[in-house]
Each structure stands twice: as structure tokens, then as C-alpha cells.
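In what follows, a structure is listed as C-alpha cells, so that the remarks can point back to it.
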There are 2 protein chains.
Amino acid sequence: MAQQHDPRQNRLLGALPRDEYQRLMPSLERVELKLGESLAESGKVMRHVYFPTDSIVSLLCVMEDGDSTEIAVVGAEGIVGISLFMGGETTPSRAIVQSAGGAYRLKGELLKDEFDHASTLQHLLLRYTQALITQMAQTAVCNRHHSLDQQLCRWLLLSLDRLPTDELVMTQELIANMLGVRREGVTESAGKLQKAGLISYHRGHISILDRPGLEARVCECYGVVKKEYDRLLSYHRPG
Amino acid sequence: MAQQHDPRQNRLLGALPRDEYQRLMPSLERVELKLGESLAESGKVMRHVYFPTDSIVSLLCVMEDGDSTEIAVVGAEGIVGISLFMGGETTPSRAIVQSAGGAYRLKGELLKDEFDHASTLQHLLLRYTQALITQMAQTAVCNRHHSLDQQLCRWLLLSLDRLPTDELVMTQELIANMLGVRREGVTESAGKLQKAGLISYHRGHISILDRPGLEARVCECYGVVKKEYDRLLSYHRPG
DNA sequence: GCGCTTCTGTGCGTTAGCGTACATACTTAG
DNA sequence: CTAAGTATGTACGCTAACGCACAGAAGCGC
């Protein structure tokens, strides 16, 4: 099943012209990311960048007291490890696997070489980074202005957009960590959504039953982010 | 007083090697930014990028109902208009002058040309962008976890770091818009700081009396951002 | 001076989310 | 089958921030 494990399932890799892709391909190493696995720690230099194919990675800000908040989420449309090509080498945030699945990794130096070559990859990565910035900015706004109910809808939809299925493997406790709120608050908000027939969940498994229903409840933040991703990452797949 | 109007007061321009600076210099146009002036609107293409020297510019996310939140602040250490070299051309955010003063602007195409030339400027701008990302991420965390008192301290200190003086020209109403809170809340928090002798304010003018006192009250977010700016933007000023 | 606007202060009642404590499942290991 | 561990449900008081309403106070135009 070579097709099931194609690096080009990652949209950044998939958008590369043939020659650039072939230059990188031999160095791409498939890895299986486990739920909760850490790909980057605050202040530590990453050795690889990761291109998720069917996994999701959360970027988290961790505070001194251990509380954390998700500032962005990365799936098959993106890359984990932007600091390696942005030049800073490290970031103060942490990258945790939110949904287990496959990814391809690449040694940091190799990516940097290709990036500095003013390649197509450079343009893709910069546009992607700009989309990521939009996501972070909108997260900041959402944290200030919107109810937990709305934020939960946003989180579910953003995650859903990055998954092939309609089911998330995720406890309310973990969602609470992502959103930076109490677990009980998530229980309450998720309960509302379940009563409304939009989702159903059961011990760490959440099924989305009515996506349009979620979209009707979500705050504008979701739309702003989605629109910007669509705009910035609408690649023309090379022949 | 040529020295008072030197583009190199902006730290990005100041960190350029001689040849790159001289290539840009003739195209740099000094402008005076007025309080409240808009340099960028959501979704609109900017014609110039701005390098503040002694002004401060806020990047704001504006929502459908008109409420806004500051997601980052740019002073002499930075540039306004990253989307022009990141490749997206536009952003969903708005850039508003928070403190009147000087800046140098440059046509977008000229900056893009220099950037694509894999120059020192490119490296500087990418590192700066990474610092900006850190600021946005920390803003998101702060919005979720910290009290208005702490956020006000953070905001004052971040602004102060970008100004030559210890006085801000800023009403409580405007600060509330920046922080995305009620004006009354700012009145209350600022009142506490004034009672504690840390600041004094009077009809739109805020003087910082005790900076260490503010630093003792601020949340960790300020330190995280400052440290990351220092790390990423510690240029070796060329000879 | 006078009137208008802007800026700041203050006092409500209301609400969202927190902290805590505990109850009730369901799941897995033994 | 039982026990331990994990996931979810619920309740109660507390606090920060909200929305609203209005009162002073300082500056500005005339």
C-alpha cells in the first residue's frame, strides 16, 4: 500500500514541484506519532521538522505553574518546527501529538538548506507560517471574547478539518488542557452539544454527528482562520 | 539634526550591513505617524512597510461586532507589514498607531526584492517574525489565564520598552480597546497602580514612576516575550 | 466667562468560569 | 469477579469581569 503512505498526503510536500520533491524524498522518514508524544519542548532545539499526514499536533504555551493553552493546531496542511527555518532554532512553546497518526520527518539542516535556496518550498513555508500566525492571533481574540461553548465548537471544527474521520480520540480532560479551562467546564459545554444532537461522546471518543450544527454555533474565529488557510494554502498541485 | 532622523534608529535597519543598507536608504521615506492612524486594514494590500523609529504601532484583531484586541505591538525593534514578505500580501488584522512618532516607510515591492535576494535583511526579518509570533502566542495565554491587573502591567511594560520616555499618551478608553476589556476595568486597575505609587496618570497621560514595581506585579508573559525578543534580535551592529 | 466634549470615578446587579468536593459510571488488570 | 484506575456528571460558593447608569472633573471653543 505505497499509496497509503505517501509523503504527498501532506499538503506542503504535495505542493512541491517534482524536482524539489525528489531532492527531499530520500531524506523523508516516515514516523508514527503516538497520542501525547512530544515533538518539541520549550527552548530545546529540534533535530527534525515534521510533516503530518494523518496526525494532528498541538502547539502549546506552558506556564510556570504547569497550566497550558493551545495556541495553534497543525495537521496535514502544515509543518511542525517552523523555528528551524525562521532562524530562531527554538521556541518557548511545546508541540504535542493531539491525534495519533503518521507523519514524515526531515533533518533540520536539510530543510534549512532547501529553504535558503529560495525554493518553492521557501514560499510555501512562509505562506504557511503566515496562516499559522493568523490562527494564533485569532486564538488570542477568542480567548478574550468568546464563551467556552463557542471555543469548544471552534476547537472541534479545527480538529475535524485536519482529520479524515468524524471521530476524535480525546478525553474532556485533554480538551480542557488545550483550551486552558477546567475539565468540568468542558463536561458542561460538551453536554450541551450532545443534548443538542451535534456530537456524541463516550469515554474519550467523540463523534461529530452534525457538522453544520457546530458551524452554526461557532464564533467567527473559526471562519476567519479557515478562510485565511484556504487563501494562503490554495496551491496548484504540480503535474 | 540629521542624527535625530536616522533610519538606523530602527533596529532592523540598524543591523543591516553597509551595502544592504545603502541599497535601501535612498528609498526610505520618513513619515510622521499620528495617533490613531491606520497603517493596515483587514484584507487590504499594503503599499508600504513601516520601520518605526520612535513610534509604536499596535496590531489589532477586529471582530464583526467592532470589538478589538491587540495581538502584538511593534516599535523600533520591528517592522509593520510582514505579510508583504511572507507572501500573503494581506492579513486579517489591523495596524493602528498607538504612540505618535517617526517611522520610515519603504515600497512593498522594494522590500520583497531585497528579501528574496536571500540577504541579511531576510534573516533579520524572519527572526523578527518569530519574535512576533512569540508575542502573539503569549498574548493568547495571558488573555486566558491572567488578571486584568497583570495584563495592564504587561501592556505598560511592553509599551514602555518601545518608547524613549517614561510617559505614554493614552486614554484608559484606548487601553481598554487594546486589551479587549471594559474601560471601567482599566480605570479600576490603573487606580490600583496609581495608589501603589507605580504610575500616575492624568487625562490621557500616563507616567511610569516605578518600573521595578510594575515588573514585580506583571505576569510571566512579559518576561517570556522580552527574553525571546532579546534572544532573537540581539544583532551585532555592523561596523 | 460659558457650554460642550472628553476623560475618569463609582456603584450597582448579573454572569461566566473557577476551585473544590464528591458521585457515578465504564474499562482493564489481576 | 473484583479492585483499581480512568472518564464523566453535578453541585455549591466564590471571584473577576461584564453591562449599565450616572456623576464629577478637566480641557477646549467661543
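Letters A, B, ... mirror the listed sequences (proteins, then strands); counts begin at 1.
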Query raised in the report: Less than 4.0 Å between a side-chain N and a carboxylate O, is that true for Glu77(B) and Arg11(B)?
Result: no

Report task. State whether a side-chain donor-acceptor pair under 3.5 Å links Gln138(B) with Glu228(B). Result -> no

**Report entry** Length of the line joining Met170(A):CE and dT6(D):C1', which is rounded to integer Å
**Finding:** 16 Å

Report task. With a 4.0 Å heavy-atom cut-off, tell me which residues in residues 214-224 of chain B come close to DNA chain D, sorted by residue number. Result -> none

Report task. Mind calculating the distance between CD (Glu188(A)) and C1' (dA16(C)) to the nearest angstrom? Result -> 9 Å

**Report entry** Residues Tyr229(B) and Gln135(B): side-chain donor-acceptor under 3.5 angstrom
**Finding:** yes

Query raised in the report: Going 5' to 3' along nucleotides 17-27 of chain C, which nucleotides have protein heavy atoms under 4.0 Å from the base (write B), which only from the sugar-phosphate (write S), and which from neither (write -)?
Result: SBBBB---BBS

Requested in this report: Measure the spacing between CG of Leu232(A) and CD of Glu89(B) and express it to the nearest 0.5 Å.
Outcome: 10.0 Å

Report summary line: The complete set of salt bridge (Lys or Arg N to Asp or Glu O under 4.0 Å) pairs with one or both residues in residues 181-210 of chain A, sequence neighbours excluded, reads Asp149(A)-Lys192(A)

Query raised in the report: What integer distance in Å separates Ile206(B):CD1 from dT8(C):C1'?
Result: 12 Å

Query raised in the report: Between Leu106(B), Val57(B), Asn10(B), Leu33(B), which is the residue that forms a side chain to side chain contact (heavy atoms under 4.5 Å, CB included) with Tyr50(B)?
Result: Leu33(B)

**Report entry** Nucleotide dG19(D), atom P - distance to CD of Glu173(B) in whole Å
**Finding:** 13 Å

Using atom names, set out every protein N or O paired with an N or O of nucleotides 28-30 of chain C below 3.5 Å, distance rounded to 0.1 Å.
none

Report task. Note down the inter-axis angle between the two ends of the helix from dG1(C)-dC30(D) to dG30(C)-dC1(D), five pairs each, to the nearest 10°. Result -> 30°

**Report entry** Pairs meeting criterion salt bridge (Lys or Arg N to Asp or Glu O under 4.0 Å) with involvement of residues 35-53 of chain B, two or more places apart
**Finding:** Glu41(B)-Arg94(B)

Query raised in the report: Would you say the side chains of Ser99(A) and Arg162(A) form a donor-acceptor pair under 3.5 Å?
Result: no

